[in-house]
Structure formats: structure tokens, C-alpha cells
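Working notes for the structure below.
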Amino acid sequence: MNYAGRMNSFVLKGENVFDAIHAYHQMNGITHLEFNYPEHIVGYDLEEIKKEMGDLKVNGFAVRWRDRKFLNGNFTNPNPDIRKEAIQYCKDAADTCRELGGSVLTVWLENDGFDYSFQMNYAKMWKRMIDAFREVADYAPDMKISIEYKPFEERNFALLDSAGMVMYMLDEIDRENVGCTLDFCHMLMKHDNPSYGLALAAEKKKLFGLHMNDGYGWQDSGLIFGSVSIPQAAEFIYYLKKYKYDGVVFFDTFPIREEAKLECQANIDAFEKIYNLIDTIGMDKFDEVVSRQDGISAQSLILEMIR
Ligand SMILES: [Mn+2]
């Protein structure tokens, strides 16, 4: 399996991008890097980054519009100049990402949402998002443009707030190189069962990325994968295997109090452990239980895993 960790687990503790890459080299299992753009790239020398990367590959960039001018919207900002700039961030990110050998641009529209009734014309904003995604997709047809949804935060309501809404949006955008990244915690926040969204996206060949983590569902907890929701984590991995997911497993977790390197390794270890448990029991057994549509058999399979 291909694994990547969250750069900010190190950077937000006062280390820099090079320190993070250095730590990944010392871990067991990290194969890829994932950068936030522009924060982890602008101000750094690309050649220096390439040198530090060594045998690690770049999976992709996540676009982050940190400037306060984007607070009223990224792709749906009422100011056309700011909308244009938001799209330009994506184009610049695609160009730099390609230069580092990456191929996935993760787009989480943190400000495209609303807080009040009568605050926006929904159909018009929906159309703006379609147009913006098409513009980015057509600008970089060799890149995978991947939509990451989150139900709320920063806005009280996000426009792309669920797996179903993203699938609908992907249909409307109608571009082969636009797909989705599923964040396990975000799915729990929405009460979207993670595997349901995974299966629908994978069926349409639209599963471009994963953000693995865990939580209790009422906030973006960013806890270690497999720490809270083992049955759902196992079901998720079962479907990843079933659909032969060959992308990168990125751990989007927040080790605020934990040591960043140990926490990242704990994610990889949990994923590997559950992955191997499924292999030990055998995919056929899982297929057979799923085909029964029976709660008691499903629960007994979960107990078999922790036996
Ligand atoms: Mn995420």
C-alpha cells in the first residue's frame, strides 16, 4: 500500500517541510508526500525539496486559500476578481505539483457555504462551482482534480456537504479528470457511512484520494485511524481491496499532543493490521457475509476479526 502523512503534523509544531520529509524517511511505510499549496511550497526552493525527497514520490497538493479575502467564498465569492484568483491558485498548484511529479490536486472548498437563510442564490452558486471546476480541469487535463467534501466548518453549511452531493456535482462537471477524495472523519460528521460513499465513487472510477483518520462524528477530530470506529474502518478497507484501490492512503490526523512521528506510524500500523486481518479471514468470507444482508452474521464477522 502507498502511504502519506500530514505535513502540518510537523509544521504546526514549529518544524519545517524539510524536517517533516526527513521524519518520513525514517518511518516504516511512507512512500509519498502530500503538500498544502501554497503554504508548504511557496518560499521553498523546489530543487531543494526534490533533493530532500530522495526515493519518496509526490502524490499531490491540497489547495489552501488561507488569505482572509477568501472568507466569503472561493469558487462562489461574490467578487469576480477574488473568484478568478481562487481558480488561479488551483492552476498554479497544478503546475507546481506536476513539476514535483505529483498528479492529484485535492480541492476542499472551505469557504463555499453559507451561514444564514437568504444568504445566497443556491442554483447560481452551484453553477459557479461547476464552471470553476471545469476551468481547472481543462487547464490541467493530465492532473486528477479531486473534490474533498466536509459537511460544515468553516461555514455552518457547506455547498458540497456529502458523498451524494459530490457524486451529483461530479456528474454535472462531466470531466474525466475530476473525482473525489473521501475524508473518513468528514463522512462520520455527516453520518455518511464511509464505505457507502466509497463504493459509489469507486463504481464510477471517481475515487481519486483518501484522507484516513477517525473521530466521534460531531467534529473533525482527526484521531488515529482505527482508534474509534474499527468495524467501519475494516469495512472501508474491505471495499478498498474489493475495488483494487491503487492510489495513496493519506492520513489526515491531528497529533496536537502526540509526538508527530509516532502518531503517523500508529496510523500506518493500524491500517496494515486491519488490512492483514481481512486477508487472514479472506475476502470470500466477507463477500459471503455481505451477500446475506444479515445483521447477526455481520456482527459475528466483526467479532471474528478481534478474536
Ligand atoms: Mn481531509
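For ligands, and for the atoms within them, numbers begin at 1 and follow the listed sequence. Numbers for residues simply follow the sequence, beginning at 1.
- When the Mn ion (ligand 1) is compared with the N/O/S atoms of Glu148, atom OE2 turns out nearest.
- Taking the Mn ion (ligand 1) as the corner point, the angle from Asp252 atom OD2 to His211 atom ND1 is about 90° (rounded to 10 degrees).
- A donor atom on one side chain and an acceptor atom on the other are found under 3.5 Å apart for Asn267 and Thr253.
- Remark: Lys190 is not positioned above the aromatic ring of Tyr149, lacking an NZ or CZ atom under 6.0 angstrom from the ring centre and at most 45 degrees off the axis.
- Minimum-distance N/O/S atom of Asp183 relative to the Mn ion (ligand 1): OD2.
- Taking a cutoff of 4.0 Å between a charged side-chain nitrogen and a carboxylate oxygen, Arg98 and Asp142 qualify as a salt bridge.
- Taking the six-membered ring for Trp and thresholds of 30 and 60 degrees, Tyr44 and Phe18 have ring planes more than 60 degrees apart, a perpendicular arrangement.
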